[in-house]
Amino acid sequence: MRLALHAEWTKIRTVAGPLWLLLGTVAATVAFGAVATSVVTDPGDPTKVALVGADVGQAPVAVLAVLLIGGEYGSGTVRTTLTAVPRRAVVLTAKAVTLSGLVAVAGTAAVLGSLVAGRFNLPDPASLADGPTLRASAGTVLYLVLIALLGLGVATAVRDSATGIGIVLALLYIVPIVSQTIGDPHWQHLLQHIAPMTAGLAVQSTTDPPMNPWAGLAVTAGWAAAALLTGGLLLHARDA
Amino acid sequence: MTPLQSLRAEWTKFRTVRGWMVGTVAAALMIVLFALLTGASSDQKGAPPVPVGPGGEPVTDSFYFVHRPLAGNGSVSVSVSALDSRVPEGPGVVPWAKAGLIIKQSTRQGSPYAAVMVTGGHGVRMQDGFVHDTAGPRGPVRRLRLDRAGDTVTGYASADGSTWTKVGTARVRGLGATAQIGLFVASPPVVDGGGTAGSVSTAVFEDLRGHGTGDWTGEQVGAESPSFAGYPDNTSGSYTGTDARLTVTGAGDIAPAVGDSLPTGGHLRDILTGTFAALIAVIVVGALFVTAEYRHRMIRLTLAASPGRGRMLVAKAVVLWVVTFAAGLAGTAVAAPLGERLARDHGVYMFPVSSSTELRVALGTAALLATASVLALAVGAILRNSAAAVTAVIAAIVLPYALIAVPFMPAGVSKGVATVTPGAAFAVQQTLVPYDQVASNYTPYYGYYPLAPWAGLAVLAGYAVVSLVLAAVLLNRRDA
């Protein structure tokens with residue numbers, strides 16, 4: 001396992017893409033948060049507004065996660081990987097651990113950057129010393145990690161980067177956009193409570209969460225677990 | 001290979017890769033699925049009916065009316081000595097506050113009328129049929145007059161009470177033998193940020209003279225209406241005084257309904273919300289249609305068989321556009337009528353759409369999907385990497401869509417996004433028209449795009465063509 005982790009770390013460290021995508025996550029999150037905090041006129045929930053950049057910043061995270069395994073299928077290196085580490089569960093676990101660590105670091109930087117930007121722009125900014133703000137910040141980092149795991153699982157299942165990116169971005173963004181055209185509030189709430197993005201990001205609310213914040217993250221975790229499990233089983237069952 | 005053979009080769013490739021066919025069919029199914037979901041999930045049974053005007057269009061017909069019957073022809077005149085508006089929560093001007101004279105078939109919402117009025121910021125106006133609006137003379141106006149002769153109603157304004165200037169003439173069908181004539185005050189909501197704030201206006205009328213019989217009756221027309229948000233808190237309509245000096249307070253408007261004055265109204269573009277999901281599917285297919293050739297080194301075989309590289313790219317673009325267009329059109333043709341029917345069955349009032357507009361929306365949505373997939377093809381040929389191409393094109397089209405869908409987005413940003421980005425193409429789904437005489441949030445969020453439908457699509461087509469040309473140049477320069 002240690003060797004598999006080392007191999008994954010070497011692979012991710014020695015190509016340029018992952019670093020740029022992680023920097024992209026930080027930049028997109030902080031930039032969108034800064035824009036939102038500077039244009040908003042009535043920040044009812046300053047923490048949520050400051051962290052809104054995660055809506056956009058999650059996209060590079062998802063792309064990175066998909067490419068982590070989709071790229072290997074694209075270039076054929078997956079065969080080398082599986083030759084070196086024949087136990088497929090170990091390969092997938094090593095990838096998941098490496099990815100989670102990197103996204104956690106980038107996510108923490110993104111969240112702290114957004115809070116600092118909010119501190120400059122908002123008249124009544126949130127402080128990390130507040131329990132709800134701390135929960136929202138840690139929850140956002142955790143959310144980004146879960147989105148990465150979701151992407152990894154989906155890409156392992158479909159074995160193709162483009163399809164994987166399409167599916168993950170559709171899973172994330174369809175419900176927030178479509179639920180606005182849903183007239184009946186019951187349906188709207190149901191959709192928002194079962195979709196990975198709307199449920200998971202409920203953790204960002206500090207004043208009036210649309211649902212229990214941790215239950216929301218658990219929904220996202222459920223999606224990530226289901227995707228990883230499907231991907232893992234298919235990886236085990238199929239030839240590379 | 002002849003051009004026809006190139007097309008045939010590309011079509012054979014497309015239809016024999018299962019994933020691409022699945023993706024294209026999935027795109028069509030998404031449109032239908034979300035139309036069914038949107039239609040079935042609405043529930044407005046039991047809501048008061050939406051008033052409609054003579055042209056069948058939804059209207060706002062809620063105002064304070066001080067009236068009495070007028071049998072046959074006649075005339076009425078009055079001086080409007082003051083018009084004061086208040087917005088309890090928001091900025092204090094109401095440019096379209098209205099006070100003046102009106103003749104109306106009855107107090108039923110949507111019934112025919114003609115009116116001459118002074119407004120808060122747009123001078124004297126003559127209006128009829130909810131959509132017709134004529135500006136009156138500039139300069140100070142003391143008195144207003146309204147004459148009825150059969151179906152013809154004429155409005156006049158005067159600076160001194162003796163010399164009259166005609167403001168406008170309206171032919172009003174269906175006024176009936178005995179119509180209601182009198183004074184009215186309306187005060188529409190004002191635009192406040194991305195939303196609206198209710199207003200209320202009070203007018204002082206002096207020296208009311210004219211025909212008509214019986215006592216004056218004061219009442220709020222259309223108090224309970226989906227196109228009227230009601231009075232601001234702690235205010236209500238009223239009238240006090242005599243013919244010499246009458247004070248009337250009212251809220252509401254007599255005007256065509258727009259996106260945010262009829263928030264419960266359903267739109268065709270809501271029914272077609274699955275376009276968003278379908279876009280992602282066709283973008284993935286479009287990018288893979290060329291990048292898969294690079295990945296499997298098939299591109300060398302393709303170019304060996306058809307050395308004209310530009311032709312190969314054009315053949316791919318044509319096949320992809322036609323196939324995606326057909327799938328999109330099939331999806332829209334099924335989704336739009338089904339979704340509208342379901343929504344109506346659930347009591348939703350749908351903004352009326354002419355059949356030519358409905359056809360334009362269906363063709364336009366199919367063309368939007370097809371053009372987006374060709375853009376993805378071109379970007380795929382430029383980047384030769386499916387992941388990068390898919391991410392770039394989704395970001396270019398879907399991000400604008402998401403930005404437009406934020407209600408509190410400043411109007412300038414939202415309109416800019418809907419003008420210069422590939423997301424401008426969503427204008428093909430617009431079915432609403434803005435009115436000069438209604439102040440409203442005419443932003444993409446409410447279904448009003450800055451560009452005309454086909455002009456918006458042309459922006460996306462421009463991006464696709466430029467990318468295709470760039471892809472052809474690079475394809476000729478680079479080794480495969």
Side-chain angles (χ1 to χ4, degrees), chain A residues 17 20-21 24 28 32 35-36 38-44 49 52 55-56 59-60 62-68 70-71 73-76 155 158-191 197, chain B residues 19 22-23 30 34 37-44 193-194 264 266-267 269-274 276-288 291-292 294-295 343 346-348 376 380 385-391 394-395 398-399 401-410 413 445:
Chain A
W20 285 113
L21 285 165
F32 269 75
V35 170
S38 57
V39 301
V40 75
T41 44
D42 174 30
V49 175
V52 76
D55 288 17
V56 182
V63 172
L64 166 65
V66 169
L67 285 180
L68 201 58
Y73 277 103
S75 60
V158 300
R159 299 192 287 191
D160 178 76
S161 307
T163 315
I165 290 171
I167 292 177
V168 176
L169 294 186
L171 274 178
L172 292 178
Y173 291 111
I174 280 179
V175 165
I177 284 179
V178 163
S179 69
Q180 296 181 343
T181 65
I182 303 287
D184 190 336
H186 295 291
W187 284 68
Q188 211 174 6
H189 287 155
L190 178 70
L191 272 179
M197 176 176 165
Chain B
V22 168
M30 297 277 199
F34 282 105
L37 182 68
T38 308
S41 67
S42 16
D43 182 15
Q44 287 176 33
T264 55
H267 306 282
R269 68 163 192 163
D270 296 346
I271 299 289
L272 294 178
T273 184
F276 172 76
L279 263 177
I280 294 183
V282 300
I283 286 170
V284 170
V285 171
L288 284 176
T291 55
Y294 282 99
R295 179 175 149 189
H346 285 79
V348 175
N385 175 312
S386 60
V390 166
T391 310
I394 289 186
V398 173
L399 203 60
Y401 192 107
L403 286 176
I404 287 169
V406 177
F408 56 79
M409 184 65 58
V413 177
Y445 175 75

Between A:L67 and chain B, which part of the residue has a heavy atom less than 4.5 Å away: side chain, backbone, both or neither?
-> side chain
Sub-4.5 Å side-chain heavy-atom contact between B:V390 and A:T163 |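 When only atoms from C-beta onward are counted, A:T163 and B:V390 do not touch, as no gap falls below 4.5 Å.
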May I have the step-by-step check of side chain to side chain contact (heavy atoms under 4.5 Å, CB included) for A:D160 and B:L288, ending in yes or no?
-> CA-CA 10 Å; A:D160 178 76; B:L288 284 176; 3.8 Å; yes
Name the member of A:S75, A:A162, A:P176, A:S161 that forms the most heavy-atom pairs with chain B at distances under 4.5 Å.
-> A:A162
Checking B:A287 against chain A: side chain, backbone, both or neither under 4.5 Å from a heavy atom?
->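 Interface part for B:A287: neither.
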Answer yes or no: is there a side-chain heavy-atom contact under 4.5 Å between B:L37 and A:W187?
->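 Side chain of B:L37 against side chain of A:W187, heavy atoms only: contact under 4.5 Å found.
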Distance col, row A:Q188:CD vs B:S41:OG, nearest 0.5 angstrom, shows 8.5 Å
Interatomic distance, B:I280 atom CD1 to A:I174 atom CD1 [nearest 0.5 angstrom] |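 Result: 5.5 Å between the selected atoms.
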Comparing B:M30, B:R295, B:H267 against chain A, the one with the most heavy-atom pairs below 4.5 Å turns out to be B:R295
